Amino acid sequence: MRPLTRRQREVLLLAANGNTNQAIAEWRGVTPHSVAEILTAAYRRLGATDRAQAVAIALAIGELGVHQIHIPDQQREAA
């Protein structure tokens, strides 16, 4: 398994924190289609089939750190 590129890691982290492709595209100054392509390439590198699995694998192998995932306030209060 090859490591993620910097861009793939950044976009996957934004997705892991609940952001839509549209929101990520606006922040990065690209199209939502470009965000989808970046995520698809990240999934391939990780051997994942979807966003949730990619995040789980990235956390497990150290591409993302659990401290980088932010829990929304309403979920934190319910826990």
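It should be emphasised that the depicted structure is a prediction, and the values quoted were computed from it without experimental measurement. Values below: every heavy atom of this structure, side chains too, minus hydrogens, waters and symmetry copies.
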Closest contact, heavy atoms only, [X] versus [Y]:
X	Y	value
A15	I24	N-CD1, 3.7 Å
A54	L46	O-CD1, 3.5 Å
E63	P3	OE2-CA, 3.2 Å
R45	L4	CB-CD2, 4.1 Å
G65	L59	C-CD2, 3.7 Å
P32	Q22	CG-OE1, 3.2 Å

How far does [atom1] of [X] sit from [atom2] of [Y], to the nearest 0.5 angstrom?
X	Y	atom1	atom2	result
R44	T49	CZ	OG1	13.5 Å
R9	L64	CZ	CG	8.0 Å
T40	D50	OG1	CG	11.0 Å
Y43	Q53	OH	CD	10.0 Å
E10	Q8	CD	CD	10.5 Å

Hey, are the side chains of [X] and [Y] touching, using non-hydrogen atoms and a 4.5 Å cut-off?
X	Y	answer
L13	I69	yes
W27	L14	yes
R28	V11	yes

Practice item. Take L39 and N21, measure what side-chain contact (heavy atoms from CB on, under 4.5 Å) needs, and give me the verdict at the end. Key: CA-CA 9 Å; L39 287 171; N21 287 5; 3.5 Å; yes

